[in-house]
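Right, one structure below, let's go through it.
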Amino acid sequence: RTEAIPALTPSVPNLPGFIDGGGTGAGDTDIGENDTPLGELPEGGENGENGEDGEETDITDGETPLASGLNLTDRVAYLAGYEDGTVRPSNQITRAEVATVFFRLMTGVNASSVSPFTDVLTGQWFNEAVSTAAAAGILRGYGDGSFRPGNNITRAEFAAIAARFLGMEMGPAASFTDVAGHWAEQEIGLVTAAGWMGGYEDGTFRPDQTITRAEVAIVINRMLGRDIADRAADTRIWSDNPETAWFFQDIQEATNGVLN
C-alpha cells in the first residue's frame, strides 16, 4: 500500500472486449485510444483454481452480480494517479499492481507479509498485497514458484482473479472461438456470464492479450456496482482523462474516494 498505482477515465458501449465499456493498467506501453495492447500469456500462469469458499453468487439473466469479499459499502479509491497529474488509462497494468488494487478492496481477510512466491520478498512495495491475496486464495503463481509481479497481466489472468470473487466453481461455458481448452476457459465463462467482461465482434475473447488500466477500472466498477454517473464530489482530476474519453467516468470513479 506504499506505492501509488496509476489510474483511469468514461465508458462507451461496445468497447472491444467489454460489455458497454472498458478497465485499469500501469505499464509503460502507450496504447491507441481504440486499441487494446497485445501480450503473450506466460506459460503456466494463473491456474484457474477458485479461491477461498465464500457466499455463492447466483448469475441471473439480465442482472449484473456484485463481487463477494470486496468492499461494496465504502467509496474506496482503488487506483492512484501519477505525480505529473496523469493517470495513464491506456497503459498496461502489472500483476503486482492488480494485486494491490484488489488488496485495497478486500474485506474479511487478515493482512499477511509471508509470501509463498520466490520473487515476492520482504520489503517490496507489493509484498503485503500479493501475500494477503495469495493467502486468501485469490492469487496464484507459476509452477516454478514465482509470481512474476512485473509482468503485464493478461485478460485471461484478470478474468481468473475476478471470477474468484463470484464464489462459484461452475458456470455457463464460454462461447468464444478462441478459449476452448484454454486454462482459464471456465473463469472466462463465469465473468462474461456475470456481465463483467465480454468478447469482441469477431467472436473472440483474446485471452492472452494484455489489459489496460482503463479496462480494469471498468470491470472493477461493475464488480462493485459503482454509480459512475455522479461526478459532483470528485476531488481528483487528471490531465489525460478528459470528459470526452470513453473511460472518463470509470477512471474518475476508480481514483476518487478514500485511497488506502
Side-chain angles (χ1 to χ4, degrees), residues 1-13 15-18 20-39 71 74-105 124-126 128-130 148-155 157-158 161-162 197 209-224 226-260:
R1 294 191 187 185
T2 55
E3 280 200 13
I5 292 184
L8 316 126
T9 70
S11 64
V12 80
L15 173 71
F18 293 86
D20 301 324
T24 69
D28 295 325
T29 303
D30 290 326
I31 295 151
E33 187 170 320
N34 297 315
D35 290 339
T36 302
L38 300 177
N71 189 339
D74 302 316
R75 193 185 181 206
V76 176
Y78 55 86
L79 287 177
Y82 294 86
E83 292 182 357
D84 63 0
T86 64
V87 71
R88 307 177 194 178
S90 295
N91 279 16
Q92 297 168 338
I93 188 167
T94 66
R95 289 168 56 83
E97 289 165 337
V98 167
T100 303
V101 165
F102 282 114
F103 180 51
R104 288 172 173 156
L105 295 168
Q124 292 178 306
W125 64 266
F126 48 81
E128 187 178 20
V130 173
R148 307 180 193 176
N151 282 16
N152 290 324
I153 200 164
T154 66
R155 286 167 54 80
E157 290 175 324
F158 191 82
I161 294 170
M197 296 179 72
Q209 182 168 294
T210 53
I211 193 169
T212 67
R213 288 167 56 78
E215 291 167 337
V216 169
I218 291 174
V219 176
I220 293 180
N221 286 340
R222 290 174 183 166
M223 294 173 67
L224 301 175
R226 293 280 186 93
D227 178 7
I228 66 172
D230 184 7
R231 310 274 31 109
D234 288 354
T235 58
R236 302 183 184 101
I237 58 174
W238 313 100
S239 61
D240 56 349
N241 187 34
E243 293 186 14
T244 55
W246 59 262
F247 45 76
F248 170 76
Q249 291 176 318
D250 281 284
I251 291 293
Q252 288 301 109
E253 182 61 37
T255 58
N256 278 276
V258 178
L259 184 62
N260 294 326

Indicate the atoms forming the closest heavy-atom contact of G257 with R236, along with that distance.
O-NH1, 3.0 Å
Side-chain (R95) to main-chain (T154) donor-acceptor, under 3.5 angstrom
no
Mind checking whether P149 and T94 have side chains closer than 4.5 Å, heavy atoms only?
no
I220 CD1 to F158 CZ distance, which is reported to the nearest 0.5 Å:
4.5 Å
For the side chain of D74 and the backbone of V76, is there at least one donor-acceptor N/O pair under 3.5 Å apart?
no
Ignoring hydrogens and geometry, is there a side-chain-to-backbone donor-acceptor pair from N71 to L105 under 3.5 Å?
no
Side-chain contact test, heavy atoms from C-beta onward, threshold under 4.5 Å: evaluate it for V98 versus I211 and give yes or no.
no
Does N221 reach the main-chain N or O of R226 with its side chain, forming a donor-acceptor pair under 3.5 Å?
no
Let me know which of Q249, Q252, E253 forms a side-chain hydrogen bond (donor to acceptor under 3.5 Å, both in side chains) with R231.
E253
Does R75 pair with D234 as a salt bridge, N-O distance under 4.0 Å?
yes
Please give me the minimum heavy-atom distance between A217 and Y78, naming the atom from each residue.
O-OH, 3.1 Å
Just so I know, are the side chains of I161 and I153 near enough to count as touching, which here means a heavy-atom distance under 4.5 Å?
yes
Minimum-distance pair of heavy atoms, taken over all atoms of D227 and A229
OD1-N, 3.1 Å
A77 to R104 - nearest heavy-atom pair and separation:
O-CD, 4.2 Å
Any donor and acceptor pair, going by atom type alone, linking the side chain of N91 with main-chain N or O of I93 inside 3.5 Å?
no
